[in-house]
Amino acid sequence: MERRYNAGTVEKKWQKIWEERNSFHVTEDPNKKKFYDLVMYPYPSGKLHMGHLRNYAIGDVVARSKKMEGYNVLHPIGYDAFGLPAENAAIEHGVEPSKWTHENMDEMDAQLKTMGISYDWDRKIYSCDPLYMKWMQWIFIQFFKKGVAYKKDTDVNWCPSCKTVLANEQVWQGECERCGSVVEKKKLSQWNFKTTAYAERLLANIDTKLGGWPDSVRTMQRNWIGKSKGANMTFPIDGSDKVIEVFTTRADTTYGVTFMVLSPEHPFVEELIKGKPCEEEARKYIRECSMKSEIERTAEGKEKTGVFIDSYAINRLTGKKVPIFITDYVLMGYGTGAVMGVPAHDQRDFDFAKKFGLEIIPTIQPEDPSIDPNDLKEAFLAEGKVINSGQFNGMDWRDAIPAMEKYIEEQGWGHHTITYKMRDWIISRQRYWGCPIPMIWCDDCGWVPEKEENLPVMLPTDVEFTGTGDSPITTSKTFQEGVTCPCCGKPARREVDTMDTFLDSSWYMLRYTDPQNDKEAFNKEKADYWMNVDQYIGGIEHATMHLLYARFFQMVLYDLGLTKYEEPFENLLTQGMVIKGYTDKNGNYVKAKMSKSLGNVVSPAEIIDKYGADTARMFILFAAPPERELDWSEAGVEGSYRFINRVYRLVYDFVEEYGNGEMSEEAKNDADKKLVYRLNLTVKKVGEDIRKFAFNTAISSIMELVNEMYKYKDGEMNPELFRFCINRLMLVLSPFVPHVCEEMWQHTGHDDLIYDQSWPSYDESAITLDTVQMVVQINGKVKDRIEVAKDASKEAIEEQAMAADKIKELLEGKNVVKVITVPGKIVNIVAK
RNA sequence: GCGGAUGUGGCGGAAUUGGCAGACGCGCACGGUUCAGGUCCGUGUGAAAGCAAUUUCAUGCAGGUUCAACUCCUGUCAUCCGCACCA
């Protein structure tokens with residue numbers, strides 16, 4: 001150990017040693033309790049950013065501390081290697097996506113290794129690995145066989161710029177999440193996964209099995225699934241044998257239906273408008289709606305539009321004919337694409353009725369006498385008793401819902417039902433750089449999966465990347481060469497679409513448990529040993545996509561008997577963003593995301609280069625609690641660097657002067673006792689704090705210990721005790737700043753690794769002092785402090801408090817009304 | 001509009017079965033070390049008043065409960081995030 005701390009040298013040295021000794025490699029060990037610590041694998045863009053560093057630093061503290069606690073820790077890393085940027089690189093620079101991706105992965109491997117994270121590199125996986133693709137395709141085929149995967153003509157979100165289909169989740173305010181282009185609608189035959197069939201289980205498990213997840217994420221998923229209870233109800237079309245089916249949550253208001261509204265895309269519309277006077281206007285409206293992007297629709301401020309289509313439906317409860325309209329406020333993708341208009345009790349219907357001069361019939365009597373139900377200014381949404389509804393009059397609206405649903409069901413007009421906002425997951429992508437969907441179309445047999453022995457279906461390499469038109473795969477001459485139906489052997493065609501990359505990341509946690517297996521996706525015994533993921537750590541941006549898809553995947557695999565558990569992630573930690581504020585021209589401090597345009601990007605590489613990985617890690621863990629936003633500050637980084645130096649010097653100087661030798665935790669005098677007290681308190685607190693992910697307070701208590709040690713050192717120091725103290729200090733610090741701790745560990749006479757040590761225990765009796773300081777208050781204000789025996793009685797404490805000189809003086813001439821004594825904490829004297 | 005979260009010094013943040021508000025760090029100031037700068041070490045640092053002991057005010061705002069409230073209750077404002085014509 002050199003006198004001067006040189007982070008670069010120290011870190012390279014220990015990274016090499018860890019690698020040589022294969023320290024981070026793990027295998028299943030049934031005699032040990034396992035701990036699966038997982039960070040979200042990165043997209044190999046080529047550069048690691050602060051968000052990555054934060055994510056992995058948190059993961060590493062968890063991994064290293066759990067290891068010290070005696071767990072067998074699985075801590076893997078890999079790459080989400082398929083995706084658009086690689087293909088864009090091909091289009092823009094002519095680089096093959098595969099080459100581009102592999103170069104980036106190599107670069108990121110190197111960068112990751114400079115962070116000193118305890119990854120088991122032997123388990124590295126990447127989704128464009130042919131072996132990974134093989135088992136991805138195999139899983140797809142199981143899904144197909146189970147009926148979870150199916151092909152369907154779908155109205156899809158189409159990005160005209162990326163020339164690809166986007167999942168609903170990838171559309172943000174009507175724009176492509178990636179490039180910002182306005183998203184259009186297009187009909188395409190697409191592979192879907194039946195996520196809706198799992199909606200109820202996905203929802204129910206949020207309450208029963210995701211107790212270790214943050215509420216915010218659970219709520220987001222609940223909203224995303226969007227369950228509504230209600231009824232499907234039919235309304236006959238006047239002069240037709242067709243019936244319109246609607247979904248409603250408010251069956252109790254059915255007597256108040258005065259019109260029907262259909263989505264412009266509703267399948268009945270064509271037949272209803274054909275040859276009618278409204279035809280031209282209706283067609284124009286439908287065309288306008290299909291052109292309009294979501295962004296335009298919302299920009300119009302929810303002003304209702306629509307066209308009467310010269311048809312009527314019959315409200316069978318009242319026997320009345322009600323006009324049918326088409327309108328874009330009814331969405332084809334939710335419910336049945338048709339809505340019964342109840343203007344009195346739905347604000348949107350109310351707005352629509354006002355605009356088109358339609359009748360408004362109240363069916364709920366407002367309890368508030370100031371509201372006249374026959375002259376509503378807005379829809380009445382509050383509670384009340386049913387009116388204008390025949391036999392249901394007088395019922396509470398809540399009771400009327402099931403009563404009305406039952407009646408309608410008896411009449412054969414409808415039934416109780418449940419609707420979800422969540423839709424099936426469209427997984428086809430018209431892109432090159434993804435995992436090919438292993439399906440073959442045969443004119444006789446239909447869609448047939450590729451034979452297992454032919455997997456993986458590889459991506460063709462004789463393709464052109466033009467950036468326009470269809471998927472590059474369609475330009476390949478070899479891809480369809482000699483393809484025959486696996487079923488009947490006739491010439492057939494391969495599916496040219498690739499899978500959404502979210503499929504790859506939906507089971508990678510299982511593959512990590514058995515990453516090199518070429519006989520199966522993962523060995524069940526191994527997966528059962530390691531799963532579930534005990535701690536999953538990543539960004540909040542994955543709350544509804546990745547985290548829902550991965551849950552869905554695991555659920556299907558569970559049903560297929562491939563996994564032991566229905567849910568993959570026991571505990572979830574969503575880390576906050578790393579931002580960098582700046583002072584604007586008015587002198588105000590503005591918080592801002594790191595972005596190229598603002599020029600406030602700080603890369604982990606430059607910080608590691610300048611201060612070392614330990615400093616970078618320490619700052620990132622110390623500056624804020626993990627789930628909160630973290631404001632990057634160079635001054636703060638220097639503070640962490642200073643602290644590491646301070647510890648380093650403390651150890652170095654001590655060893656210089658006293659050498660390595662006997663340790664003792666025995667306290668001989670008051671100064672010793674004080675140090676021992678602080679030491680044990682710190683060991684206790686750091687352990688507890690790490691378990692709560694309160695890394696910031698864990699580090700601050702270590703700093704307090706170091707401050708105390710510096711003070712102690714200047715007094716009458718007991719080297720044996722101090723040695724013990726240094727030993728404990730290094731151990732509790734090692735999960736945070738592992739390199740420098742290894743260095744000091746070696747310097748203090750150890751030839752093993754601090755990585756392999758056990759977490760230190762603490763002495764409870766050293767923390768329990770004989771006397772305890774208590775605060776004495778008069779009327780709630782602190783006036784004095786007293787030292788009392790730790791087991792003193794309430795009476796004794798009170799007596800001692802009253803006897804204190806200062807208190808006596810202050811109470812002179814006053815009348816003591818009441819004394820509250822909380823042993824160990826406080827004495828409050830109420831006096832007048 | 002609906003849902004979730006957060007509001008504490010100049011800054012990041014501590015403190016919740018109600019019990020000393022501001023731990024720890026940054027920044028700042030002063031002192032020591034140094035030829036000097038940096039480093040390092042030490043002291044101080046919520047605001048206001050006072051030479052001082054001390055006093056008053058202070059956890060977004062307004063109330064309430066309590067001997068005692070950052071913590072519990074009611075209302076309100078602000079910011080951030082997610083969803084958003086979901087019938």
Side-chain angles (χ1 to χ4, degrees), chain A residues 4 172-173 214-224 226-228 230-231 246-250 253 261 263 294 297-298 300-305 327-331 333-342 345-349 351-352 419-422 540-541 543-544 576-577 581 583 589 591 618-619 622-625 627-640 642-643 645-646 649 694 696-707 710-711 714 773-785 817-822 824-831:
Chain A
R4 229 185 121 68
W172 186 72
Q173 291 192 347
D215 285 342
S216 57
V217 176
R218 299 203 304 167
T219 307
M220 272 193 240
Q221 293 213 346
R222 241 180 246 121
N223 293 341
W224 193 263
K227 178 178 180 172
S228 292
V246 301
F247 171 71
T248 182
T249 54
R250 292 296 302 273
T253 64
V261 268
S263 156
E294 306 247 342
R297 280 203 203 177
T298 43
E300 281 161 17
K302 303 196 173 138
E303 171 79 13
K304 296 290 175 287
T305 58
T327 178
D328 68 354
Y329 85 81
V330 178
L331 311 171
Y334 181 77
T336 61
V339 173
M340 62 182 211
V342 187
H345 305 295
D346 181 283
Q347 191 58 42
R348 292 153 304 175
D349 296 348
D351 295 342
F352 192 83
T419 295
Y420 301 91
K421 282 187 208 169
M422 187 173 78
I540 184 77
E541 67 273 20
T544 47
M577 262 201 308
T583 309
Y589 189 76
K591 289 185 171 179
M618 163 149 281
F619 170 71
F622 176 62
E627 64 286 353
R628 228 181 294 181
E629 196 171 70
L630 184 146
D631 198 355
W632 189 264
S633 135
E634 183 97 15
V637 176
E638 276 171 12
S640 295
R642 243 190 320 263
F643 174 70
N645 271 286
R646 199 166 143 83
R649 259 196 323 272
N696 54 335
T697 50
I699 292 170
S700 75
S701 67
I702 298 174
M703 287 172 168
E704 285 179 81
L705 171 65
V706 171
N707 291 344
Y710 263 94
K711 278 198 193 105
D714 290 338
Q773 202 181 63
M774 280 182 61
V775 164
V776 184
Q777 296 181 333
I778 295 178
N779 295 332
K781 297 225 189 296
V782 183
K783 295 294 172 189
D784 202 5
R785 281 147 219 277
V817 181
K818 198 175 175 185
V819 181
I820 296 105
T821 306
V822 184
K825 284 185 176 163
I826 208 158
V827 179
N828 189 13
I829 302 161
V830 186

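Just so we're on the same page: letters track the sequence lines, and every chain starts at 1.
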Taking any heavy-atom pair under 4.0 Å as a contact, classify A:K227: base, sugar-phosphate, or nothing. nothing
Under a 3.5 Å cut-off on both pairing distances, which runs of 3 or more consecutive Watson-Crick or G-U pairs involve RNA chain B? B:1-7 with B:77-83, B:10-12 with B:24-26, B:27-32 with B:40-45, B:46-49 with B:54-57, B:60-64 with B:72-76
Quickly work out the A:E629 CD to B:rG13 C1' distance and round it to whole Å. 14 Å
Distance col, row A:Q777:CD vs A:D784:CG, nearest 0.5 angstrom, shows 12.0 Å
CD1 of A:I702 versus P of B:rA14: gap in Å, rounded? 16 Å
I want to check one thing: is the phosphate of B:rA14, taken as OP1 and OP2, less than 4.0 Å away from some side-chain N or O of A:N696? yes
Is A:K825 side chain donor-acceptor paired with the B:rC20 base, going by distance under 3.5 Å alone? no
Interatomic distance, A:N707 CG vs B:rG42 C1' [rounded to whole Å]: 12 Å
Counting heavy atoms from C-beta on, name the nucleotide in B:rC67, B:rA14, B:rC40 closest to the side chain of A:R628. B:rA14
What's the CD1-P distance between A:I826 and B:rG18, to the nearest Å? 14 Å
Would you indicate what A:V830 reaches in the nucleic acid, counting non-hydrogen atoms under 4.0 angstrom: base, sugar-phosphate, or nothing? sugar-phosphate
A:D328, nearest nucleotide to its side chain (from B:rA23, B:rC85, B:rG19): B:rC85
A:M577 CE to B:rG12 P: how many Å, rounded? 16 Å
Using atom CD1 of A:I699 as one end and atom C1' of B:rA23 as the other, report the distance to the nearest whole Å. 14 Å
Test: A:K421 cationic atom under 6.0 Å from A:Y334 six-membered ring centre, within 45° of axis: no
Does A:K783 have a side-chain nitrogen or oxygen under 4.0 Å from the phosphate oxygens OP1 or OP2 of B:rU55? yes
Check if the side chain of A:R785 and the base of B:rC20 share a donor-acceptor pair of N or O atoms closer than 3.5 Å. yes
Think A:R646 has a side-chain N or O under 4.0 angstrom from the OP1 or OP2 of B:rG25? no
Between P of B:rC85 and CG of A:D349, the distance in whole Å: 15 Å
Note: for A:R4 and A:S228 on RNA chain B, the residue whose nearest nucleotide lies more 5' is A:R4
Separation of B:rC83 P from A:L331 CG (nearest whole Å): 16 Å
